[in-house]
Structure formats: C-alpha cells, structure tokens
Amino acid sequence: MKDLFNSLSSRQISFYTLLLFFFIVSVFFVHNNYSFYDRPIAKITETRLVEATETVDLHENVDKLFTQDIEAVIKNGEHKGEGISLTNEYSLSGAFDSQYEAGDELFVSIDTEESATLTGTIKDVKRDKYVVIIAWVFIFTLLIVGKKQGLFSIISLAVNAVLLSYALDVYMHTSGISLLVVCGISAILFTIISLLLVNGFNGKTYAAIISTILGTFISLLIAIIVMWLTAEEGLRYEEMQFLTRPPQTVFIAGVLIGSLGAVMDVAITMSSSVYGLYEENNHISIRALKKSGMDIGKDIMGTMTNILFFAYVSGAIPMLILFFKNSSPLSYTLSINLSLELARALAGGIGIVLTIPIGLYTSILFINRKKRIRS
C-alpha cells in the first residue's frame with residue numbers, strides 16, 4: 001500500500017482526494033435531502049404484520065397476501081416531524097408490491113381528513129441513496145481499471161446522458177419535429193463525443209466514427225425497408241399502447257439508439273486492431289491487413305451479436321415467466337413479448353456484421369492516406 005501511495009503523483013493524489021470528498025458529500029446529501037422534494041417523505045420507524053392469507057388462482061398458482069401496519073415520521077413539508085400511520089398490502093411473489101422495514105423511506109400522500117393521527121397512502125420508495133452508491137461503485141471501477149480513459153468514459157457517459165435528455169425534451173416541446181430526426185442527430189453527436197473523448201484526435205478515431213455512423217444508419221435503413229416490405233407483420237406494439245405518439249416511429253428510434261453502442265464497439269475494435277497491426281509493422285501489405293482484419297471481425301461478430309441478443313431478451317424474462325405461469329400459449333407468449341426485442345436484436349446484428357467490413361476498409365483508407373503523407 002505504501003509503495004502504491006508513493007507511486008502516485010501529487011496531481012493524482014489531489015484528484016483522488018477530491019473524488020473521495022465528492023463521494024462523502026454526495027452520500028451525506030442523499031441521506032439528508034428531504035427538503036429538496038415536493039412530495040412528502042416518511043421514514044419508517046416500526047412495522048407490524050397484521051394479516052396473512054393464501055390465494056390460489058384459476059391456474060393453480062399459489063401466492064400469499066400480507067398486510068402491514070406501518071408507523072413512520074414525516075421528514076419534510078408542513079407536517080415535518082409528525083407521525084403518520086400507513087397500511088401496506090404486499091404479496092409473497094412481489095410482482096407489483098414490496099415488503100417494507102424500519103428505516104425505509106417512502107413517498108406518501110397525506111390524507112386531508114381531520115384525525116388524531118396522520119394517515120396516508122404509500123406512493124413510491126425513495127431510492128436515490130441506493131442509486132448514488134451504485135453510481136459511485138461504477139465510477140470507482142472505471143477509474144481503477146481504465147484510469148485516464150476510464151475518466152474520459154465517465155465524462156462521455158455524462159455528456160451523452162445530458163444530450164439525450166435535452167434531445168427528448170426538445171422533441172416533447174417542439175411541434176413538427178420528428179423523433180427519428182432528433183435521435184439521428186443525437187446518435188451522430190454521441191458517436192463523435194464518445195470516441196473523441198475516449199480515444200483522442202487521430203486516424204483510428206476518425207475511422208471508427210465514420211464506420212459507426214455508416215454501420216448504424218445502413219442497418220436502420222435496412223430495418224425500415226424490411227418493415228415496409230412486410231407491412232410490419234409480426235411486430236406487436238402492445239407494450240407501447242399508452243403512448244400518444246406513433247409506435248412505429250418510437251420503435252425505429254429505439255432501434256437506432258439501441259444498436260449504436262454495439263456498432264460503436266465493433267467499429268473501434270476494428271480500427272484499433274488494424275491500426276495496431278500497421279503500427280507494429282509499417283511495411284505490412286494491404287492484403288495482409290485485410291486478411292487479419294477480417295479474421296478479427298469474424299472472432300468478435302458472434303460474441304457481439306449474442307451480447308445484443310441477450311441484452312434485449314433479458315428485459316422480457318419477467319413477462320415471459322408471468323405469461324407461462326398463467327398457461328398462455330407458447331406462440332402467443334413469444335410473439336407478444338419478444339417480437340420487438342428480436343426485431344431490435346436482428347437490426348443491431350445486421351449493423352454489427354456490416355460494420356466489420358466498413359470499419360476494416362475505412363481504417364485501411366486512413367492508413368493509405370497516412371502512408372502517402374509519410375512518403
């Protein structure tokens with residue numbers, strides 16, 4: 001530990017000290033930020049189980065229902081410091097509810113009826129302190145493993161999150177603007193900002209940027225053409241039934257943003273690999289670069305496609321289990337829950353496959369340019 005401390009420069013020590021300070025301040029803040037919320041927050045002091053019943057539905061699914069009496073203290077607003085009595089009904093399965101314990105913090109609505117003790121209804125759980133802890137674990141992991149590049153990755157992620165939030169806000173408050181246009185411009189900015197911040201201003205980065213943009217938008221164009229030719233047969237938009245926007249446009253925008261990350265990963269892998277081969281041997285032939293690049297692309301193609309597939313399908317697992325437990329037919333269950341996820345995965349997979357040759361030949365183009373400049 002002493003050797004590790006001695007190996008750090010004064011600038012690094014100052015940076016990690018500042019980071020630790022921000023960690024302590026943020027954790028302290030989220031544990032004491034009740035006054036920043038408009039909704040009343042109640043901290044549980046005591047819980048009592050008052051009833052437990054067993055239920056069996058038409059499909060022989062067994063569940064248990066419980067009722068809790070909760071005593072809590074209001075932490076903000078005009079009733080700050082006052083006690084409140086709450087009732088919580090939850091199930092053993094926990095599908096739409098949760099069991100609460102002393103120390104949990106809840107958003108509540110306070111009943112307006114006059115009574116000796118405040119009563120109210122539970123609306124939600126205050127989770128910001130858990131989110132902050134997880135965020136800091138993520139930040140420290142990135143910094144420990146990635147060091148300087150990890151820091152730039154964090155900055156890139158923060159900038160992209162703000163940019164996406166702003167883009168969606170512009171879309172929601174501006175009439176006549178297409179969601180697809182907003183997401184398309186955002187995707188281009190995401191690509192440029194992310195790759196320049198993490199990899200710097202060089203030919204490898206420029207090749208990756210061009211490859212990412214071409215691969216993403218070509219795969220999106222193919223997806224749109226296929227949807228048009230098939231009249232969107234097999235796509236089930238039921239999960240978007242509460243939207244007041246055209247579900248097709250929202251779905252296509254989701255495909256664009258969702259496939260961008262995987263395509264970007266493949267693009268930077270291809271450009272880094274090809275540039276690495278060239279920098280190891282400046283006299284390597286273009287034919288050898290093409291062969292080596294395609295071999296690398298074939299190696300990552302399967303894994304990246306699987307990653308995209310599992311990332312999309314994993315989100316549907318709870319609904320699949322729910323449908324199967326209620327004896328829904330297999331074909332209906334899969335079509336209603338996986339049609340959009342599979343379509344997104346296929347569109348992203350097309351983007352991954354296309355980006356391999358695009359990334360390879362774009363990198364070779366920049367390498368040839370570099371050779372001409374040197375000669």
Which residue, K80, E105, K126, forms the side-chain hydrogen bond (donor to acceptor under 3.5 Å, both in side chains) with Y34?
-> E105

Reported [atom1]-to-[atom2] distance for the pair [X] and [Y], which is rounded to 0.5 angstrom:
X: T212; Y: I192; atom1: OG1; atom2: CD1; value: 10.5 Å
X: K75; Y: L106; atom1: NZ; atom2: CG; value: 12.5 Å
X: F28; Y: N33; atom1: CZ; atom2: CG; value: 10.5 Å
X: L163; Y: L168; atom1: CG; atom2: CG; value: 9.5 Å
X: I213; Y: M264; atom1: CD1; atom2: CE; value: 9.0 Å
X: I367; Y: S271; atom1: CD1; atom2: OG; value: 9.5 Å

Write down the atom of [X], the atom of [Y], and the distance for their closest heavy-atom approach.
X: V132; Y: S26; result: CG1-OG, 4.0 Å
X: A316; Y: N337; result: CB-O, 3.8 Å
X: L256; Y: L180; result: CD2-O, 4.5 Å
X: S273; Y: I296; result: CB-CD1, 3.4 Å
X: F309; Y: A345; result: CA-CB, 4.0 Å
X: L360; Y: K290; result: CD2-O, 3.7 Å

Is there a side-chain contact between [X] and [Y], using heavy atoms and a 4.5 Å cut-off?
X: F366; Y: K204; answer: no
X: E89; Y: L65; answer: no
X: L157; Y: F138; answer: yes
X: Y100; Y: I122; answer: yes
X: S85; Y: D69; answer: no
X: H79; Y: I84; answer: no
X: I154; Y: L143; answer: yes
X: D104; Y: V125; answer: no

Would you say [X] and [Y] are hydrophobically clustered, going by side-chain heavy atoms of ILVMFWY under 4.5 Å?
X: V181; Y: Y171; answer: yes
X: V263; Y: F217; answer: no
X: L195; Y: L189; answer: yes
X: L320; Y: F310; answer: yes
X: Y37; Y: V108; answer: no

Could you check whether the rings of Y332 and F323 sit parallel, tilted or perpendicular, using 30° and 60° as the cut-offs?
-> tilted

Taking [X] for its side chain and [Y] for its backbone only, find out whether a donor-acceptor pair lies under 3.5 Å.
X: N76; Y: I41; result: yes
X: S339; Y: R236; result: yes
X: S219; Y: T216; result: yes
X: D265; Y: G261; result: no
X: D111; Y: T121; result: no
X: S165; Y: A161; result: no
X: T362; Y: G359; result: no
X: T333; Y: P329; result: yes
X: N88; Y: Q99; result: no

Go through the steps to decide whether L342 and L334 satisfy the test side chain to side chain contact (heavy atoms under 4.5 Å, CB included), and finish with yes or no.
-> CA-CA 10 Å; L342 289 176; L334 295 180; over 6 Å; no

Audit row: I356, M270, side chain to side chain contact (heavy atoms under 4.5 Å, CB included) steps and yes/no | CA-CA 7 Å; I356 292 171; M270 292 301 300; 4.1 Å; yes

Sequence neighbours excluded, every pair satisfying side-chain hydrogen bond (donor to acceptor under 3.5 Å, both in side chains) that has a member inside residues 186-201 |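 Counting only pairs at least two positions apart or across chains, the side-chain hydrogen bond (donor to acceptor under 3.5 Å, both in side chains) contacts touching residues 186-201 are S156-S194, N160-S194.
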
Is there a donor-acceptor contact under 3.5 Å linking the side chains of N202 and T205?
-> yes

Show your working on side chain to side chain contact (heavy atoms under 4.5 Å, CB included) between V27 and F23 and close with a plain yes or no.
-> CA-CA 6 Å; V27 171; F23 168 72; 3.7 Å; yes

Heavy atoms from other residues, nucleotides or ligands near CZ of F324 exceed 12 (cutoff 6.0 Å) | yes

Just wondering, more than 12 heavy atoms not from E280 lying within 6.0 Å of its CD?
-> no

Take I252 and M227 through the side chain to side chain contact (heavy atoms under 4.5 Å, CB included) test and state the conclusion after the steps.
-> CA-CA 10 Å; I252 294 171; M227 289 174 63; 4.1 Å; yes

